[in-house]
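Notes follow once the structure below has been shown.
By convention in this document, chain letters (A, B, ...) are assigned in the order of the sequence lines, proteins followed by strands, and residues within each chain are numbered from 1. Just so it is clear, the values below take in all heavy atoms, side chains as well, and ignore hydrogens, waters and symmetry mates.
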Amino acid sequence: MKNLKISALLAGWMLAALPTAHAAGDAVRGAKAFDEECAECHSLKEGKNKKGPSLNAILGRKSASIADFNYSDAMRAYNQAWTAQAIDAYIKAPKKAVPGGKMKYEGLADDGARQDIIAFLSSQH
Amino acid sequence: MFGTSTPRAMHRFRMALVTLGLLASALPAHAVPSFARQTGQDCVACHVGGFGPQLTPYGIKFKLGGYTDSDGKAGHIPLSAMLVQSYTQTSKDQSADPAKGFSKNDNLSLQEISMFVAGRFSDNIGAFVQVTHAEPDRKTTLDNADLRIVKNMQIADKDTVLGISINNNPTVQDAFNTVPAWRFPYMSSELAVGSAASPLIDGALAQQVIGVSAYGFYDNHWYAELGGYNSLSKRILDDINIAPGDKIKGTSPYWRLAYFEDQRKQAYSFGIFGMDAHLLPGWTPGQTDKYRDIGIDGSYQFLGTREHVFALNGSYINERRNLDASFGAGDAEKRHGSINRLDVSGSYHFDKTYGATLALFDIRGSRDNGLYNSGEQDVGSVKASPNTRGYTVQGDWTPFGKEDSWGNGWANLRLGLQYTGYTKFNGAKNNYDGFGRNASDNNTLFAFAWFAI
């Protein structure tokens with residue numbers, strides 16, 4: 001009886017965990033990918049801008065909304081909230097998503113790595 | 001020295017900074033932490049190990065972009081300063097004092113105090129100009145200088161930089177840390193025994209010349225450069241405190257081609273470079289000595305998350321010479337000769353703070369009694385040969401320059417311990433100078449504290 005309860009609990013837990021792990025990426029792997037791909041230009045600390053603006057609490061943040069960062073005209077005109085989908089499209093092909101923007105980044109082709117980075121970013125606020 | 005965090009050590013460190021500031025303001029000119037301040041980037045973005053001049057792919061692009069990239073804000077002052085305090089010990093005393101005011105061994109030296117004008121002047125103009133006061137020769141001189149004019153554009157839909165570099169040292173304009181001006185070791189003793197010869201492009205013309213080269217960097221991959229060098233006039237050389245070497249007759253062409261690939265987790269480059277020079281020894285008109293240098297180079301960097309960074313750099317230079325002037329004057333035994341130089345180095349940096357580098361060098365050239373058998377103690381070669389081989393190992397510690405560093409963008413320090421060992425020196429392992437000196441007697445322990453603001 002006890003065993004059954006534990007198994008049921010475990011099964012439920014796994015079912016709950018599985019879809020998030022797959023659909024939303026893995027934040028631990030994302031932290032590593034962030035260091036490999038983004039950290040040179042972006043800090044996660046609030047108020048710390050490098051070549052790019054701070055990415056603290058970026059999910060849901062309005063684009064070009066850090067007051068003391070010098071955005072490109074293209075990014076100012078982009079005018080959207082950074083949803084997971086918007087970030088995904090942007091870091092897949094920056095020049096396509098925001099033509100004329102100044103993020104000098106070639107884009108990350110690996111779908112899984114982008115999901116991981118977004119999962120990681122959503123944990124940073 | 002400043003590793004402990006006791007109040008006393010901290011106090012001494014502040015004192016050192018204050019002293020550095022005072023020294024800096026006492027000198028006529030005033031940059032390289034200024035690059036960090038200008039761009040808003042941390043030192044570690046551009047420099048392997050968080051300290052110049054070993055460049056990351058990001059730093060390579062910054063340099064080729066003419067030092068002009070910035071955070072777009074006004075008020076950055078393109079000035080920096082640097083100070084190097086060092087200690088040199090050779091295995092065996094030298095036969096004479098290596099410089100006035102120094103001893104035959106165990107020399108503590110305020111090696112360099114430099115001021116830099118380094119940074120952008122406009123979207124299209126940037127510079128890296130160093131003025132150095134060196135204690136060993138007690139002179140303030142115009143050190144490396146590189147002024148750039150750049151234009152960013154799209155060619156066939158690809159990012160392209162077209163630029164002009166006006167500089168005073170062939171290879172100083174290069175961005176790959178494989179060619180002479182910026183090759184490991186980035187800091188070395190000026191009070192140790194130097195080997196007999198190296199190819200001309202390896203520093204022989206440094207600071208005595210002015211060159212203009214045009215370059216293109218296409219699609220962040222292809223780099224091509226073509227330029228020419230002339231000797232500075234004797235008057236200018238006198239004004240900037242540089243001793244005139246030989247005079248370039250006409251203009252010396254310099255060229256470079258490289259391919260570069262930045263995959264963010266790793267990067268590599270390979271290329272070829274070269275220079276031709278017709279020199280008038282001692283500025284005497286008449287016949288010239290002709291040199292043709294051709295080199296190949298390559299580099300690889302593993303960057304990963306930047307916690308463990310490995311870099312491999314190598315170059316091989318071949319020089320062929322035709323010494324009509326020196327042969328005619330009896331200073332060279334043979335008219336024709338050659339010299340080759342191989343350099344390979346591998347570095348590992350942990351946490352952008354702790355570094356270890358091992359480098360090997362191998363110089364081989366044809367024998368010439370006139371050129372190398374000078375009959376001098378320590379520096380002559382009884383074998384009439386420039387052949388020199390050895391290794392350099394270095395460990396270093398760079399506590400600042402990272403995102404969370406104390407005084408980020410201002411306080412910069414590298415402490416290093418370096419050992420250079422020779423297995424062959426000027427043609428022999430033992431008694432190379434004919435006075436009983438062995439190659440290993442020149443093995444050098446070098447410790448340095450390198451500050452920059």
Q.
Strictly less than 4.5 Å between heavy atoms, which residues of residues 84-102 of chain A line up against chain B? Please order them by number.
A. A:Lys95

Q) chain B contacts: which residues in residues 50-64 of chain A have a non-hydrogen atom closer than 4.5 Å to it? A) A:Lys50, A:Lys51

Q: Would you mind telling me which of B:Asp71, B:Asp69, B:Asp262 has the largest number of heavy-atom pairs within less than 4.5 Å of chain A?
A: B:Asp69

Q) Would you find more than 12 non-hydrogen atoms of other residues, nucleotides or ligands less than 6.0 Å from A:Glu46 atom CD? A) no

Q: List the steps and the verdict of side chain to side chain contact (heavy atoms under 4.5 Å, CB included) for A:Lys48 and B:Asp42.
A: CA-CA 11 Å; A:Lys48 165 85 182 162; B:Asp42 304 319; 3.4 Å; yes

Q. Around B:Leu358, counting heavy atoms of other residues, nucleotides and ligands shown, do more than 12 lie under 6.0 Å from its CG?
A. yes

Q | Interchain contact, B:Asn220 with chain A, by part (heavy-atom threshold 4.5 Å) | A | side chain

(Q) Side chains of A:Lys104 and B:Lys61, heavy atoms from C-beta outward: is any pair under 4.5 Å? (A) no

Q. Could A:Glu36 and B:Arg264 be called an ion pair, given the rule that one side-chain N must be under 4.0 Å from one carboxylate O?
A. no

Q) Rounded to the nearest 0.5 Å, how far does NZ of B:Lys73 lie from CG of A:Asp68? A) 4.5 Å

(Q) Counting only non-hydrogen atoms closer than 4.5 Å, does A:Phe34 touch chain B with its backbone (N, CA, C, O), its side chain (CB onward), both, or neither? (A) neither

Q) Under 6.0 Å from the CG atom of B:Asp157, do we count more than 12 heavy atoms belonging to anything else shown? A) no

Q: Go through A:Glu40, A:Lys45, A:Lys32 and name the one with the most non-hydrogen pairs under 4.5 angstrom from chain B.
A: A:Glu40

